[in-house]
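Following: one structure in structure tokens, then a few remarks.
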Amino acid sequence: MLWFVMPARKEPELMSAQPSEAVPAPVAYRMKNHAHDISGVMMGRPHPPVLGVIVGVTPGQTNSETEYAKAMRAHALGAHTLTDVTTNDDFRMRQRVLDTLDIALGTVPTYEIHRRVLRHGEDTRSAVLGVLDRQAREGVDFVTIHASGTLAMARQVGESSRVIPVTSRGGAMMAELSLHLDGENLYLRYFDEILDICRGSGMALSLAGTYRPGSIADALDAAHLDEIDVQTELVHRAQEHGVKVSVELVNHVPLNLIPAYCDLGRRRLHGAPFGALGPTPTDIGVGYDDVVGAIGATTAAQHGTSWITCVTAGEHCHIPSLDDITQAVKYFQIALHTAAVSCHGDVSRDAKLSEARNRNDWATMAEHAIHREDAVSLFEGLGYHEGQACTMCAGACPLVRARSTIRRAAR
């Protein structure tokens with residue numbers, strides 16, 4: 001068996017923080033646009049990690065109805081944020097979510113800006129600020145912008161040794177714009193005016209990673225670390241401007257390096273919340289990326305990640321179905337509960353279920369299960385009644401046997 005050994009070029013310097021180095025106090029805020037009539041969700045430590053789901057219209061593949069159904073399902077299951085990644089001008093699903101669901105909604109404005117500048121020849125300032133201003137007035141709660149990939153990075157990344165030079169769809173579009181216009185990243189060019197829009201509306205900024213690793217072999221490489229330097233500066237500018245801001249930090253990263261990324265986020269990002277797409281700790285789980293992502297999410301949440309975005313089973317293969325969204329949310333909810341137990345040590349819910357399991361009390365087990373309806377359906381389908389052993393051990397059930405032994409010993 002062959003083992004891939006990650007280069008040791010970056011990990012030691014990140015993990016060897018000096019004792020005198022102060023960790024900035026965490027900055028938390030409510031994710032909510034002033035114009036959006038929702039409860040909002042608290043983002044940032046010490047609040048529990050926020051769970052996000054991605055939906056959006058892809059022309060020829062999905063439509064506003066299918067994507068709204070996914071949004072409703074995610075909301076019903078308990079997701080905290082939705083990110084609309086619609087790639088055409090069909091904004092019906094977005095408006096419907098804003099009007100009907102009590103959930104924080106975000107967008108990726110890069111897609112529309114790219115169309116308006118490259119396809120329609122619109123003035124860059126008009127395109128960038130026009131899109132963001134309209135979305136702020138619509139009530140969009142956060143925008144994910146690809147502001148940290150500079151023109152210099154776009155010119156250099158093709159010469160890098162990265163396995164996957166760019167994995168971000170929006171990041172690739174912004175790099176294309178920079179090279180086409182032979183000018184700096186448009187978000188950087190108009191960043192102060194973007195901050196004015198966000199401050200006035202309460203719309204939060206999520207700083208996406210154009211050069212976040214798309215392969216675990218690229219984790220902590222120079223391209224991503226250089227981009228984090230830019231994100232650090234943008235976070236500071238946003239906070240100085242009174243704007244709510246977070247950073248998309250962790251993506252494809254080996255499990256052992258997730259804590260290093262999280263430590264980097266805590267120390268560098270001025271206390272701003274940081275998030276993870278997954279993260280994905282192995283690249284070979286094709287068709288099971290939801291399982292892989294849930295494994296990574298457990299570690300990321302355990303080490304201070306504030307925003308966990310689900311990845312679905314076919315994340316790198318196909319558009320998710322409604323069932324794919326359902327399954328991913330449930331897996332990630334288990335991951336976040338597991339991380340929470342490891343952080344605060346409260347095992348009371350697990351203990352209550354175990355006590356019921358010891359009695360073969362199926363109804364009470366279902367009440368304490370993380371997904372109650374699934375447990376009820378499973379137990380009813382198997383025809384279990386209180387005190388009955390499950391089919392795994394049947395007559396040899398150690399729980400039943402122990403109860404009998406205890407009763408006999410008590411006589």
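As the structure is a computational prediction, the values presented were derived from the model and not from experiment.
With sequence neighbours left out, Asp133 forms a side-chain hydrogen bond (donor to acceptor under 3.5 Å, both in side chains) with Arg137. Taking Lys32 as the reference, nothing meets the salt bridge (Lys or Arg N to Asp or Glu O under 4.0 Å) condition, with sequence neighbours excluded. Legend: residues meeting side-chain contact (heavy atoms from CB on, under 4.5 Å) with Arg372, ordered by chain and number and at least two apart, are Glu367, Val376. When the salt bridge (Lys or Arg N to Asp or Glu O under 4.0 Å) test is applied to Glu315, no partner is found at least two apart in sequence or on another chain. The salt bridge (Lys or Arg N to Asp or Glu O under 4.0 Å) check on Arg162 picks up Asp221, with sequence neighbours excluded. Under the rule for a ring pair (Phe, Tyr, Trp, His ring centres under 6.0 Å), Phe191 has no partner lying at least two apart in sequence or in another chain. For Ser201, there are no side-chain hydrogen bond (donor to acceptor under 3.5 Å, both in side chains) partners at least two apart in sequence or on another chain. Here Glu380 pairs with nothing under the salt bridge (Lys or Arg N to Asp or Glu O under 4.0 Å) rule; sequence neighbours left out.
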Inset, instruction - For side chain to side chain donor-acceptor pair (under 3.5 Å), just list the numbers for Asp361 and Thr364, CA-CA rounded to whole Å, side-chain angles, deciding distance to a tenth of an Å, and then say yes or no. - result: CA-CA 6 Å; Asp361 181 348; Thr364 302; 2.7 Å; yes

Inset, instruction - Please step through side-chain contact (heavy atoms from CB on, under 4.5 Å) for the pair Val108 and Asp84, ending with a clear verdict. - result: CA-CA 7 Å; Val108 183; Asp84 175 14; over 6 Å; no

Legend entry - side-chain contact (heavy atoms from CB on, under 4.5 Å) assessment of Asp218 paired with Arg212: CA-CA 9 Å; Asp218 295 331; Arg212 66 180 190 262; over 6 Å; no

Inset, instruction - Check step by step if side-chain contact (heavy atoms from CB on, under 4.5 Å) holds for Leu269 and Val245. - result: CA-CA 10 Å; Leu269 298 177; Val245 62; over 6 Å; no

Inset, instruction - Might you work through the side chain to side chain donor-acceptor pair (under 3.5 Å) test for Ser39 and Asp102, ending with a clear yes or no? - result: CA-CA 7 Å; Ser39 306; Asp102 185 7; 3.0 Å; yes

Inset, instruction - Mind running side-chain contact (heavy atoms from CB on, under 4.5 Å) on Ser246 and Trp307 for me, showing each step along the way? - result: CA-CA 9 Å; Ser246 64; Trp307 195 355; 3.6 Å; yes

Inset, instruction - Test side chain to side chain donor-acceptor pair (under 3.5 Å) on Tyr190 and Thr124 and set out the steps. - result: CA-CA 9 Å; Tyr190 305 116; Thr124 57; 2.7 Å; yes

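Of the possible donor and acceptor atoms, none in the side chain of Glu67 sits under 3.5 Å from a partner among the backbone N and O of Val55. His316 places no side-chain N or O within 3.5 Å of a backbone atom of Val286 that could act as its donor or acceptor partner. Judged purely by atom type and a 3.5 angstrom limit, Asp323 has no side-chain atom pairing as donor or acceptor with the backbone of Ile325. When atom types are taken as modelled, the side chain of Asp283 and the backbone of Ile216 share a donor-acceptor pair closer than 3.5 angstrom. In this structure, Asn33 contributes its side chain and Phe142 its backbone to no donor-acceptor pair below 3.5 Å. The closest donor-acceptor contact from the side chain of Ser306 to the backbone of Pro273 lies at 3.5 Å or more, if one exists at all. Without hydrogens or angle criteria, Gln388 side chain to His385 main chain gives a donor-acceptor distance under 3.5 Å. Without hydrogens or angle criteria, Asn251 side chain to Gly214 main chain gives no donor-acceptor distance under 3.5 Å. Side-chain atoms of Ser215 come within 3.5 Å of backbone atoms of Ala217 as a donor-acceptor pair (strictly under, hydrogens ignored). The main-chain N or O of Asp346 is found under 3.5 Å from a side-chain atom of His344 such that the two form a donor-acceptor pair.
Listed here is the closest heavy atom pair of Leu205 and Leu195: CD1-CD2, 3.7 Å. When all heavy atoms of Ala297 and Pro279 are compared, the closest pair comes out as N-CD, 3.6 Å. Among all heavy-atom pairs drawn from Leu322 and Ala69, the shortest one is CD1-O, 3.6 Å. What you find for Cys262 and Thr305 is that their closest heavy atoms are SG-OG1, 3.4 Å. Listed here is the closest heavy atom pair of Pro213 and His224: CD-ND1, 3.4 Å.
Atom SG of Cys397 sits about 5.0 Å away from atom CG of Asn360, to the nearest 0.5 Å. To the nearest 0.5 Å, atoms CD (Gln231) and OG1 (Thr210) are separated by 8.0 Å. We find the CD-NE2 distance between Glu355 and His368 to be 8.0 Å, quoted to the nearest 0.5 Å. Between atom CG of residue Asn256 and atom OG1 of residue Thr299 there is a gap of 10.0 Å, rounded to the nearest 0.5 Å.
A ring-ring contact (aromatic ring centres under 6.0 Å, His included) check over residues 148-175, counting only residues at least two apart or in different chains, returns nothing. Residues in residues 110-119 take part in these side-chain hydrogen bond (donor to acceptor under 3.5 Å, both in side chains) pairs, two or more places apart or across chains: Asp89-Arg115, Thr110-His146, Thr110-Tyr187, Tyr111-Arg169, Glu112-Arg116, Glu112-Arg134, His114-Glu176, Arg116-Glu122. Sorted by first and then second residue, the side-chain hydrogen bond (donor to acceptor under 3.5 Å, both in side chains) pairs with a member in residues 46-64 form an empty list; sequence neighbours excluded.
Heavy atoms from other residues, nucleotides or ligands lying under 6.0 Å from CZ of Phe379 number more than 12.
Remark: Arg266 engages Asp263 in a salt bridge, criterion side-chain N to carboxylate O under 4.0 Å.
The only option from Thr100, Leu101, Val97, Leu82 that meets the side chain to side chain contact (heavy atoms under 4.5 Å, CB included) definition with His75 turns out to be Leu101.
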Side-chain donor-acceptor pairs under 3.5 Å in residues 233-241, sequence neighbours left out?
residue, atom, partner, partner atom, Å
Arg237, NH2, Asp192, OD1, 3.0
Gln239, NE2, His270, O, 3.2
His241, NE2, Asp196, OD1, 2.6

